[in-house]
Amino acid sequence: MRSYDLPIRVVSMYPDIMNTYSDRGNLLAIQYRALQQGIDITLEEVSLGDSLPVDCDLLLIGGGQDQEQKRISADLNLKANQLQIWAEQDVSILAVCGGFQLFGKWYRDSKGNYLAGVEIFDMTTIAPRIANFRAVGDIWVTSNIKDIGDVVGFENHAGQSYLGPQGSSFATVKYGNGNNGLDRTEGAFYRNVVGTYLHGSVLPKNPMLLDYLLANALNHRYDEDLKPKFSSPSPFVLQAQSTAMDVTRRKSEKR
Ligand code: GLN
């Protein structure tokens with residue numbers, strides 16, 4: 001196995017606020033997988049009023065309900081410019097659910113408030129005023145990013161997201177709702193930025209997505225296409241993924 005002497009600089013945004021369904025597990029999965037592959041990590045947690053560090057190779061933001069999204073919205077917008085620069089520089093980014101919604105152009109919450117997004121994705125999101133739609137349950141998607149394949153998780157959102165003409169979806173829905181329950185798109189991706197509705201946490205049971213994010217972070221750190229070869233995921237991880245897929249399929253077929 002190749003050894004990596006430079007640590008990956010990980011930034012976790014609003015871990016104290018945006019952590020629905022233990023999205024913090026994504027950070028734990030990255031730390032564990034990196035350790036296994038001989039990659040050191042430095043971690044910076046950035047919340048309200050904190051500045052972003054100068055450098056970042058991998059950035060995480062989790063989900064949060066409307067209230068939490070409102071709390072971070074102004075602060076996030078102060079950081080939007082730097083986030084856009086990092087996206088253009090191919091920093092590896094994962095934004096989940098409420099965080100994902102705020103990586104689009106705007107989110108109109110269920111009270112009709114417009115929250116400006118950081119505009120990395122060509123996407124807008126609207127939560128209906130009357131709670132007649134809420135996407136809740138297990139979800140299984142197939143990623144449109146080569147090498148990632150199937151991804152399984154849990155979704156719970158009122159917001160319905162629509163991609164604009166420049167937007168690309170992260171995945172296609174096999175079972176579940178995804179972005180809006182209508183067009184079978186799920187999430188978004190732009191350069192090395194992945195946005196998804198999948199909680200779970202999503203990374204511990206989706207090793208190909210985890211390795212994709214880690215590989216992009218290494219490529220950014222070393223500024224070259226390293227094509228890192230990681231060891232195979234543990235059989236326990238693969239078992240967790242296939243069990244989650246079975247449960248998702250069985251529940252969906254019963255509906
Ligand atoms: N507040 C958003 C919605 O309900 C996001 C929810 C979440 O992050 N789980 O659409």
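Ligands are counted one by one from 1 in listed order, and the atoms in each one are counted from 1 as well.
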Worksheet, complete the sentence: Per-atom filter on ligand 1: closer than 4.0 angstrom to a heavy atom of H157 are 3 (C), 4 (O), 10 (O)
Fill in: Heavy atom of R134, distance to ligand 1 below 4.0 Å
yes
Item to complete: Please determine, by modelled atom types, if N156 and H199 share a side-chain donor-acceptor pair under 3.5 angstrom.
Response: no
Worksheet item: Is it true that F100 lies under 4.0 Å from ligand 1, counting heavy atoms only?
Response: no
Practice prompt. Return yes if a side-chain donor-acceptor contact under 3.5 Å exists between Q160 and T125, otherwise no.
Written response: no
Discussion item. Checking S92 against D57: is there a side-chain donor and acceptor pair closer than 3.5 Å?
Written reply: no
Worksheet entry | Contacting atoms of ligand 1, where contact means under 4.0 angstrom from a heavy atom of G63 | 8 (O)
Fill in: Side-chain donor-acceptor contact under 3.5 Å, D5 with Y222
yes
Worksheet item: So, S169 versus N179: side-chain donor-acceptor pair below 3.5 Å or not?
Response: no
Practice prompt. Could you verify whether a donor N or O on one side chain and an acceptor N or O on the other, from N19 and D16, lie under 3.5 Å apart?
Written response: no
Discussion item. Give me the nearest non-hydrogen protein atom to atom 3 (C) of ligand 1 as residue plus atom name, then the distance to 0.1 Å.
Written reply: A158 N, 3.4 Å
Worksheet item: Do you see a donor-acceptor pair shorter than 3.5 Å between the side chains of N113 and R108?
Response: no
Worksheet entry | Non-hydrogen side-chain atoms of V194 and I93 separated by less than 4.5 Å | no
Worksheet entry | Under 3.5 Å side-chain donor-acceptor pair for E186 and T196 | yes
Discussion item. Once you restrict to heavy atoms under 4.0 Å, what part of Y197 touches ligand 1? Side chain, backbone, both or neither.
Written reply: neither
Worksheet item: Do E88 and R191 meet the salt-bridge criterion of a basic N to acidic O distance under 4.0 Å?
Response: yes
Worksheet item: Polar-atom distance check: H199 versus ligand 1, any N or O pair below 3.5 Å?
Response: yes
Worksheet item: Closest non-hydrogen protein atom to atom 10 (O) of ligand 1, residue and atom name please, with distance?
Response: G159 N, 2.7 Å
Worksheet item: To which of G62, S110, C97 does the heavy atom nearest atom 7 (C) of ligand 1 belong?
Response: C97
Discussion item. So if I count the atoms of ligand 1 from 1 in the order they appear, which ones are less than 4.0 Å from some heavy atom of N156?
Written reply: 6 (C), 7 (C), 9 (N)
Worksheet, complete the sentence: among protein heavy atoms, the one nearest atom 1 (N) of ligand 1 is D66 OD1, 2.7 Å
Worksheet item: N/O of Q69 under 3.5 Å from N/O of ligand 1, yes or no?
Response: yes
Worksheet, complete the sentence: of all protein heavy atoms, closest to atom 5 (C) of ligand 1 is G64 O, 3.3 Å
Response to the item:
Quick note on ligand 1: atoms under 4.0 Å from a heavy atom of Y107 include exactly 1 (N), 2 (C), 3 (C), 10 (O)
Item to complete: Could you list the atoms of ligand 1 found under 4.0 angstrom from a heavy atom of G98?
Response: 5 (C), 7 (C), 8 (O)
